[in-house]
Asks: 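Take this structure first; my questions come after.
In what follows, every chain begins at residue 1, and chains take the letters A, B, ... in the order their sequences are listed. The structure presented is a predicted model; accordingly, all values stated were derived computationally and were not measured.
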Protein chains: 2
Amino acid sequence: MGTVTETMVAADAREETRARIEQAALDLFTAQGFEAVTIDEVADAAGISRRTFFRHCGTKADAVWGQFDGHVVRLEGMLAAAAADQPVLASVSAAYVEVNDYAEADLPMLRQRMRLILTEPALLAHSQVRYADVDRVVAAHVARRTGVAPDALVPRLVATSTRAAATTAFELWLADGRITLGAALHQAFDELAAGFPSLR
Amino acid sequence: MGTVTETMVAADAREETRARIEQAALDLFTAQGFEAVTIDEVADAAGISRRTFFRHCGTKADAVWGQFDGHVVRLEGMLAAAAADQPVLASVSAAYVEVNDYAEADLPMLRQRMRLILTEPALLAHSQVRYADVDRVVAAHVARRTGVAPDALVPRLVATSTRAAATTAFELWLADGRITLGAALHQAFDELAAGFPSLR
DNA sequence: CTTGCTCGTGGCACTGGGTGTCACCTACGG
DNA sequence: CCGTAGGTGACACCCAGTGCCACGAGCAAG
């Protein structure tokens, strides 16, 4: 099995390889479009074989999505740690804001990622599968806080509509270079939680 | 070109062939799962060639989705015809309810379709692409009514969250055999429009 | 130093979705 | 009777994704 140190090193090396693949993929996809680039081209650019690409990334879309699972886990942790006296919607909103609080240095790559995801149909489609995990986590939190089943209307509705708000905030942030991602998220969640006061 | 009558006949024949393909596909997918069935098997069951399948349906997912474009067009028409003094959210809600007002005889096939779409990951993914069209239509309506740009926050947010509500209503309707689709839609839209009163 | 094990890697073959192309056949109009 | 247009099937591709095997590097035990 190896010691803890060795395991860490191996995991780091694996992570580094994956990061190299993702960077190559992101650059190629951005330059030529997601569908126009083949896996062989990405693998060549990353200096690996086609077979190794799939071992690290699973699918073509995963090269863009990266380690999204980590986000879901962090979101789940934040929701579990939310204060019990905080309104449910506020806890969901705060968790979304916090999980999307990126360091300044990470923003360019995030922009590149999100632009691809929201622009390329194949990636947009794949997003639904990823979001399903997020929805399950949020719905479970709402269900726990309200004492109803996770597959009841309100938990599911809160999960899907808050995710819709988050996605919309991302779109706004991408399109409008001035607004902060956090500000966009706050704006969307406030509008949603208040029942769309702008429409009255 | 041919006369109007001839064109109609040709279109009808084409529509009938497509319906046969869709029915064969739906039955096979329901019985064995979406991924487990190949296009060749669907084509064989429909009595056509693999190539003809793609000419009629475009992609494997389209065989399940059917002529969804028609729904989007109808939704657009309803929104355009909505009374000007009706609140925006109410007009969107009413349009969703009306476009999903199926005849009793169509409900079994609708159940079959929606169960597949909401269950099979590949179809769920494809749904995002279809929903993007719906969102554009709704956002355009909200933008027209509120006098802001269609890609501003509120129109987009209304579009994505109302669609989230509709999807949630569909899930509820599928899971709970007793509730009407219309009732589920109303319940979801009411909850959304009021800012989730159940959570207070 | 050698043996044996593990693991990452590359190569290969195969399945399956989707597309372009061509040939055929049928139905219709002149 | 001929010409054409459109639906169809057959074939050859491309590409994503998977299973399998063989090779080589690194490490552990002898």
Asks: In whole angstroms, how far is the P atom of D/dG6 from the CD atom of B/Glu15?
Replies: 18 Å
Asks: Check this one for me: any side-chain N or O of B/Ser49 less than 4.0 Å away from OP1 or OP2 of D/dA10?
Replies: no
Asks: Roughly, in whole Å, what's the span from CD1 in A/Ile39 to P in D/dC14?
Replies: 17 Å
Asks: Could you tell me how far apart B/His126 (NE2) and C/dG17 (C1') are, to the nearest whole angstrom?
Replies: 13 Å
Asks: Does the base of C/dG10 carry an N or O that pairs as donor and acceptor with the side chain of A/Arg55 under 3.5 Å?
Replies: yes
Asks: Would you classify A/Val37 as touching base, sugar-phosphate or nothing, given that sugar-phosphate means primed atoms plus P, OP1 and OP2, and contacts are heavy atoms under 4.0 Å?
Replies: sugar-phosphate
Asks: Rounded to the nearest Å, what distance is computed from the CG atom of residue B/Asp44 to the P atom of nucleotide D/dA10?
Replies: 10 Å
Asks: What's the CZ-P distance between A/Arg18 and C/dG8, to the nearest Å?
Replies: 14 Å
Asks: Could you pull out the closest heavy-atom pair between B/Glu35 and B/Ala122, with the gap in Å?
Replies: OE2-CB, 3.8 Å
Asks: Is there a donor N/O on one and an acceptor N/O on the other, under 3.5 Å, for the side chain of B/Arg50 and the base of C/dG18?
Replies: yes
Asks: Donor-acceptor pair under 3.5 Å: do we get one between A/Arg51's side chain and the base of D/dG19?
Replies: yes
Asks: How many whole angstroms separate atom CZ of B/Phe54 from atom P of D/dA10?
Replies: 15 Å
Asks: Rounding to an integer number of Å, can you tell me how far A/Lys60 NZ sits from D/dC14 C1'?
Replies: 12 Å
Asks: Should the ring pair A/Phe68 and A/Trp65 be called parallel, tilted or perpendicular, given that the plane angle runs from 0 to 90° and is split at 30 and 60?
Replies: perpendicular
Asks: Does a salt bridge link B/Arg113 with B/Glu22, judged by any charged N lying under 4.0 Å from a carboxylate O?
Replies: yes
Asks: Please verify the inter-ring angle class for A/Trp173 with A/Phe170; under 30° counts as parallel, over 60° as perpendicular, anything in between as tilted.
Replies: perpendicular
Asks: Of all the heavy-atom pairs spanning A/Pro155 and A/Pro150, show the shortest one and how long it is.
Replies: CB-O, 3.7 Å
Asks: At under 4.0 Å, does any side-chain N or O of B/His56 touch on OP1 or OP2 of D/dT8?
Replies: yes
Asks: Roughly how many Å is it from CG in B/Asp40 to P in C/dC14, rounded to a whole number?
Replies: 18 Å
